[in-house]
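When a residue number appears, it is its place in the shown sequence, counting from 1. What's counted below: heavy atoms across the whole structure, side chains too, no hydrogens, waters or symmetry copies.
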Amino acid sequence: MLLLLLCGALAVAGIFLLRLTVFKQSRCKSDAKLHGKTVIVTGANTGIGKTTAMDLARRGAKVILACRDKRKAEVAIQEIIQETGNQQVIFMQLDLASLQSVRSFADNFLKSESRLDLLINNAGIISGGKTEDGFGMILSVNHLGPFLLTLLLLDRLKASGPSRVVNVSSIGHKQGRMDFNCLTTHKDLGLGSSYFQVHRKYCHSKLCNVLFTYELAKRLQGSDVTCYSLHPGAIMTEIFRDSSFWWTLLIKPVEFLFFKDAEAGAQTTLYCALEPGIEHLSGHYFDQCSLQTNIHPKARDDATSKKLWELSESFCGLS
C-alpha cells in the first residue's frame with residue numbers, strides 16, 4: 001500500500017512538473033483598451049470563444065457573439081456582462097453550416113454596425129455528416145463558413161483599419177493534406193464516417209485555415225488589415241461533444257491530466273488580436289503567443305493556397 005501511494009504521489013508530481021514545463025501556456029500580456037472598437041467572435045457561447053469574448057469585453061469593446069445556439073449565447077452574454085460590466089455584448093445568429101446563414105449574418109451586421117475592428121474566426125467542430133448545401137459538415141463549419149464570412153466583411157474591416165482577422169487553427173494541420181480531387185468530386189475533405197476518418201477531415205480543415213490565412217495576407221497587402229492563424233493548445237472545450245462513447249471514455253482522462261482550460265486556450269488568440277508591432281507578420285502562424293518559424297512547407301505553398309481560395313470562392317458562389 002505504501003508503495004502504491006508513493007507511485008501515485010510521483011505520478012501527480014510528474015504531471016504537475018509537465019504542466020509547469022512542457023505543457024506550460026504563455027499568456028497575452030497586452031494591456032490594450034478597446035473602447036469604441038467592435039469585434040466579432042464566432043462560437044463565443046462556450047469554451048475558448050466565450051473566454052475570448054469575455055476578455056475583449058473587459059477591455060471595453062463592443063462584442064458580437066456570432067453563434068448558432070441563441071439560448072446558450074444569451075446565457076453567455078449575461079455572464080460576460082455581469083463579469084465585465086460591459087453592456088455592449090450582443091448576440092447575432094450565425095450557423096456556419098449554412099452559407100445562407102453566413103450571408104444573412106453579414107447583411108444584418110453591415111446594416112447595424114458602422115465599423116469592424118476584429119474578426120475572430122474561432123468556431124470549429126469535429127463532426128461527420130453533410131450540410132444543407134451539400135458540403136461536408138467539417139469543411140463548411142471550419143473553412144467555407146469562415147472564408148465566406150471574412151470576404152463579406154472585408155470592406156468594413158478595411159474601412160475601420162487598422163483591423164485584424166484571427167483564424168483559430170490547430171497543430172492538427174500538420175497531419176492535414178489537400179485532396180482537391182475529393183473536394184471537387186465529393187464537396188468534402190475526405191471520405192468515410194468513422195471517428196478516425198472524421199478526425200482526419202478535421203486536420204485537413206485546420207490546414208485550410210492556415211492556407212486561407214496565408215493567401216488572405218497576400219491579397220490584403222497595401223491595406224490596413226492584417227491576419228493571423230494559430231494553435232490554441234491542447235484545451236478542454238466542447239469540441240469533442242459529438243464523439244462516440246468509447247472515444248469520450250478514452251479522451252477524458254487525457255484531457256484531465258494534460259489539457260488546459262479555456263482561459264489558457266484563449267491566450268494566443270488574444271495575442272494575435274491585440275499584440276502591437278506584429279503587423280509585418282500578417283499571414284503567419286502562431287503558437288504559445290509566439291511566431292512559429294518551422295511551419296511545414298505545405299502550409300505555405302503558393303499554388304495550393306491559391307487553388308484552395310479559388311475553389312472556395314466557387315463553392316461560396318463568389319466567382
Side-chain angles (χ1 to χ4, degrees), residues 28 32-125 127 140-142 144-150 152-154 156-157 160 163-168 209 230 232 235-239 241 261-270 272-274:
C28 172
K33 300 301 180 185
L34 300 176
H35 300 282
K37 306 290 187 181
T38 299
V39 308
I40 294 173
V41 185
T42 68
N45 57 5
T46 187
I48 297 171
K50 187 173 82 170
T51 303
T52 301
M54 180 86 73
D55 186 284
L56 299 174
R58 190 175 285 114
R59 296 171 187 269
K62 183 176 187 178
V63 183
I64 311 296
L65 274 64
C67 308
R68 180 178 57 85
D69 192 318
K70 181 179 180 181
R71 183 186 61 81
K72 286 185 178 180
E74 288 177 342
V75 171
I77 286 171
Q78 291 306 311
E79 184 179 339
I80 293 170
I81 291 175
Q82 184 175 355
E83 181 74 22
T84 67
N86 185 344
Q87 299 291 323
Q88 290 189 302
V89 185
I90 301 168
F91 163 73
M92 290 184 67
Q93 183 80 43
L94 173 65
D95 182 359
L96 291 168
S98 165
L99 296 182
Q100 179 55 48
S101 177
V102 175
R103 292 181 181 278
S104 295
F105 172 90
D107 187 52
N108 291 334
F109 176 85
L110 293 172
K111 286 178 180 176
S112 63
E113 303 297 331
S114 61
R115 64 180 302 116
L116 177 58
D117 302 273
L118 270 174
L119 170 59
I120 299 180
N121 290 312
N122 163 82
I125 62 166
S127 179
S140 184
V141 174
N142 293 9
L144 288 179
F147 174 87
L148 178 59
L149 179 65
T150 303
L152 293 176
L153 298 178
L154 213 47
R156 187 57 51 86
L157 282 160
S160 307
S163 55
R164 295 183 182 184
V165 177
V166 179
N167 295 320
V168 178
N209 297 155
L230 65 102
I235 309 299
M236 287 184 287
T237 70
E238 293 185 14
I239 196 166
R241 60 183 174 270
D261 59 19
E263 183 181 356
Q267 296 308 307
T268 304
T269 297
L270 293 167
C272 291
L274 302 170

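- Minimum interatomic distance between Cys67 and Ala44 (heavy atoms only, all atoms of both residues): SG-N, 3.5 Å.
- Closest of all the heavy-atom pairs between Leu65 and Ala76 is CD2-CB, 4.1 Å.
- Gln93 places no side-chain N or O within 3.5 Å of a backbone atom of Ala66 that could act as its donor or acceptor partner.
- Smallest separation of non-hydrogen atoms from Ala32 and Arg59: O-NH1, 3.0 Å.
- Using a distance-only test at 3.5 Å, with no hydrogens or angles considered, no donor-acceptor pair links the side chain of Ser160 to the main chain of Arg115.
- Here the shortest heavy-atom pairing between Cys28 and Leu274 reads SG-CD1, 4.4 Å.
- Residue Leu152 holds its CG atom at 9.5 Å from CZ of Phe147, rounded to the nearest 0.5 Å.
- Using a 4.5 Å cut-off on side-chain heavy atoms (C-beta onward), Thr42 and Leu149 make contact.
- Closest approach of Ala53 to Ile80, counting heavy atoms only: CB-CD1, 4.0 Å.
- The closest side-chain heavy-atom distance from Leu110 to Arg156 is below 4.5 Å.
- The distance from atom CZ of Phe109 to atom CD1 of Ile40, rounded to the nearest 0.5 Å, is 4.0 Å.
- A heavy-atom distance below 4.5 Å is not found between the side chains of Leu96 and Ile125.
- Between Asn121 and Val165, some side-chain heavy-atom pair lies under the 4.5 Å cut-off.
- In this structure, CZ in Arg58 is found 12.5 Å from CG in Leu34, a value given to the nearest 0.5 Å.
- Put simply, NZ on Lys62 and CG on Asn86 are 10.5 Å apart, with the number rounded to the nearest 0.5 Å.
- Residues Ala61 and Val39 approach most closely at CB-CG1, 4.2 Å, considering heavy atoms.
- Annotation: the span from Leu270 atom CG to Met54 atom CE amounts to 12.0 Å, rounded to 0.5 Å.
- In this structure, Lys72 NZ and Thr46 OG1 are separated by 6.5 Å, a value rounded to the nearest 0.5 Å.
- Between Glu79 and Lys50 there is a salt bridge, since at least one side-chain N of the basic residue sits less than 4.0 Å from a carboxylate O of the acidic one.
- Between the side chains of Thr52 and Asn122, not a single donor N or O lies within less than 3.5 Å of an accepting N or O.
- We find that Arg103 and Asp107 are not joined by a salt bridge, their nearest charged nitrogen and carboxylate oxygen being 4.0 Å or further apart.
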